[in-house]
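A quick write-up on the structure given underneath.
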Amino acid sequence: MTRRRISILGSTGSIGCSTLDVIDHLGGREAFEVPAITGMGNITLLAEQAKRFGVGFAATADPTRHEELKDALVGTGIETGAGPEAIIEAASRAADIVMAGIVGIAGLAPTLAAAKTGADIALANKECLVSAGSLFVEAVKTGGGKLLPVDSEHNAIFQVLEQSQRHAVERIILTASGGPFRNMSRDEMANVTPKTAAAHPNWSMGLKISIDSASMFNKALEMIEAQHLFDVSPDAIEVIVHPQSVIHSMVGYTDGSVLAQLGAPDMRTAIGYAIGHPRRISLPVERLDFARLAKLEFQAPDTDRFPALALARRAMEQGQMQGCVLNSAKEIALEAFIAEKIGFLDMADIVEAVMVDMAGLGAPTTIEDVFAADAEARRRAMEKIGLD
Ligand code: NDP
Ligand code: MG
């Protein structure tokens with residue numbers, strides 16, 4: 001039997017490790033061939049994964065760590081590479097499906113390279129859609145592969161959006177846990193540390209997305225992601241705070257019906273759905289026990305305490321380039337918050353200021369336009385923080 005080929009970009013991260021866990025569960029090396037994996041700083045784990053799955057090519061994005069990776073894989077016959085070009089090479093290796101699990105806009109060029117090969121793209125990296133929007137969707141279409149959403153909300157919508165009923169889709173309802181500061185006042189939020197911001201109540205995720213969940217920039221990115229993925233107008237996209245994270249998102253139809261996808265907060269369900277598509281597979285995740293759950297709560301989001309949501313709406317209305325600007329400025333502000341150079345609430349102020357500076361940019365016609373706007377938004381954000 002021929003094995004399915006799956007490459008994993010960002011294999012050493014939270015999504016990457018969960019993906020390898022699902023592959024293990026589905027039979028590991030017996031069932032899958034892994035042409036390529038990539039990481040950045042965690043060379044020990046990258047090398048261990050490469051050996052365990054017998055990958056063809058392992059690459060780190062850090063050009064200074066190649067010797068270390070080579071040493072760790074000496075005698076295995078596994079090819080190695082380092083630096084951004086090596087990540088592109090990994091993404092370009094022939095595969096049936098590529099998991100896009102690199103964090104940030106750093107994932108855009110490699111995922112585009114993977115799309116070009118015609119592989120199906122299991123998309124966890126939301127920044128591809130937020131920054132490049134329809135250009136990214138078009139690139140996957142042109143390549144000929146399927147675009148399979150892995151972000152749990154979008155995966156939920158993908159599961160319940162009936163293609164034959166597209167004409168009757170009225171609204172997309174994204175659920176948000178509200179993060180660790182759901183009930184905190186703005187004054188209290190001003191003094192939180194990166195460590196408290198990273199402590200998500202329900203999901204176990206990478207550092208950056210966990211802090212983005214606390215500021216609700218994660219939900220802001222997901223609103224823009226939904227706009228491009230499901231081709232709906234901004235006013236059809238709603239956000240509802242649902243602290244239990246049991247309903248992963250919903251689609252509302254013109255007959256008043258609302259379809260939802262529910263499950264335990266475990267990314268392996270979304271990852272497994274994408275890998276198995278169009279067939280559901282069996283997974284060892286926790287089953288919902290409704291009697292124990294007892295209640296599901298909902299609460300309207302507060303854009304005064306979480307301005308990221310209002311910024312996303314503005315970006316969606318002002319056109320595609322503002323999504324890129326919002327994300328790039330946010331990435332710089334987030335890094336500055338993690339380095340304790342700015343406060344938690346400063347992040348939204350900086351993003352807003354850069355969006356105002358760069359309002360009025362036309363829609364990108366090439367991916368180079370996106371990278372130019374990304375560089376400019378980063379430069380301006382650094383300048384505002386005083387890091388230039
Ligand atoms: P992590 O930080 O856990 O992992 C990120 C991965 O990308 C690691 O393999 C890391 O390498 C690698 N990496 C970091 N920087 C670069 C770079 N500049 N170039 C190339 N590779 C790099 O992130 P997550 O797994 O949490 O998230 C990955 C993506 O999936 C994000 O876009 C996130 O928004 C999205 N997502 C994540 C979810 C989750 O549950 N974690 C849920 C929904 C979406 P190393 O660790 O070796 O340094
Ligand atoms: Mg999500």
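Order of appearance sets the numbers: ligands from 1, and atoms from 1 within every ligand.
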- Query: Is there at least one pair of N or O atoms, one from Ile15 and one from ligand 1, spaced under 3.5 Å apart?
  - Reply: yes
- Query: Out of curiosity, does Val258 fall in the hydrophobic cluster containing Leu296 (side-chain heavy atoms, cut-off under 4.5 Å, transitive links)?
  - Reply: yes
- Do Asp255 and Ser257 get their side chains close enough for a donor-acceptor pair, meaning under 3.5 Å? yes
- side-chain hydrogen bond (donor to acceptor under 3.5 Å, both in side chains) evaluation trace for Asn218 with Lys126: CA-CA 9 Å; Asn218 181 48; Lys126 55 195 80 188; 2.4 Å; yes
- Task: Just go through Met267, Arg268, Met99, Glu153 and tell me whose heavy atom is the nearest to atom 42 (C) of ligand 1.
- Result: Met267
- Least distance between heavy atoms, Val130 atom then Leu221 atom: CG2-O, 3.3 Å
- What atom name does the N, O or S atom of Glu222 nearest to the Mg ion (ligand 2) carry? OE2
- Sub-3.5 Å N/O-N/O distance, Gly41 and ligand 1: yes
- Query: Does Gly101 come within less than 4.0 angstrom of ligand 1, counting non-hydrogen atoms of the residue?
  - Reply: yes
- Message: My understanding is that we take every heavy atom of each candidate and find the minimum distance to atom 47 (O) of ligand 1. Doing that for Thr44, Val103, Thr12, Ile8, which one comes out nearest?
- Response: Thr12
- So, is Ser14 polar-close to ligand 1, with some N/O to N/O distance under 3.5 Å? yes
- In terms of atom number and element, which parts of ligand 1 are under 4.0 angstrom from non-hydrogen atoms of Ala124? 30 (O), 35 (C), 36 (N), 44 (C)
- Message: One thing to verify: whether Glu335 and Lys341 come together as a salt bridge, which I'm taking to mean a side-chain N less than 4.0 angstrom from a carboxylate O.
- Response: no
- Task: Around atom 4 (O) of ligand 1, find the nearest protein heavy atom and jot down its residue, atom name and distance.
- Result: Gly13 CA, 3.2 Å
- Against heavy atoms of Ala106, which atoms of ligand 1 measure under 4.0 Å? 17 (C), 18 (N), 19 (N)
- Task: Check the side chains of Ser210 and Ser213 for a donor-acceptor pair under 3.5 angstrom, ignoring hydrogens and angles.
- Result: no
- Message: For a quick test of reading the model, state the closest non-hydrogen atom pair linking Tyr253 to Glu162 and the distance between them.
- Response: OH-N, 3.1 Å
- Query: Could you go step by step and tell me if Ser134 and Gln320 meet the side-chain hydrogen bond (donor to acceptor under 3.5 Å, both in side chains) rule?
  - Reply: CA-CA 8 Å; Ser134 54; Gln320 196 164 309; 2.9 Å; yes
- Message: Between ligand 1 and Asn218, is the shortest N or O to N or O distance under 3.5 Å?
- Response: no
- Query: Nearest protein heavy atom to atom 26 (O) of ligand 1, by residue and atom, and its distance?
  - Reply: Gly206 N, 2.9 Å
- Task: For atom CZ of Arg292, decide whether the heavy atoms of other residues, nucleotides or ligands shown that lie under 6.0 angstrom number more than 12.
- Result: no
- Could you check atom 34 (O) of ligand 1 against the protein and tell me its nearest heavy-atom contact, residue, atom and distance included? Lys126 CE, 3.2 Å
- Message: Between Asn42 and Thr12, is the side-chain hydrogen bond (donor to acceptor under 3.5 Å, both in side chains) condition met? List the steps.
- Response: CA-CA 7 Å; Asn42 199 341; Thr12 51; 5.7 Å; no
- Quick check: does Ser152 get an N/O under 3.5 Å from an N/O on ligand 1? no
- Which of these, His200, Arg65, Glu127, Met40, has its nearest heavy atom closest to atom 32 (O) of ligand 1? Glu127
- CD/Glu297: more than 12 non-hydrogen atoms of other groups inside 6.0 Å: yes
- Option among Met189, Arg182, Lys219 that satisfies the side-chain contact (heavy atoms from CB on, under 4.5 Å) test with Phe306: Met189
- Query: Looking only at heavy atoms, which two atoms of Val150 and Ala274 are closest? And how far apart?
  - Reply: CG2-CB, 3.8 Å
- Item | Non-hydrogen atom of Ile87 closer than 4.0 Å to ligand 1 | no
- Item | Apex the Mg ion (ligand 2) - arms OD1 from Asp151 and OE1 from Glu153 - angle rounded to 10° | 100°
- Atoms in ligand 1 with a heavy atom of Ala61 nearer than 4.0 Å: 19 (N), 20 (C)
- Nearest neighbour of atom 29 (C) of ligand 1 from the list Thr38, Leu123, Ile209, Ile102, on a heavy-atom basis: Ile102
- Mind checking whether Lys208 has a heavy atom under 4.0 Å from ligand 1? no
- the protein heavy atom lying closest to atom 43 (C) of ligand 1 turns out to be Asp151 OD1, 3.1 Å
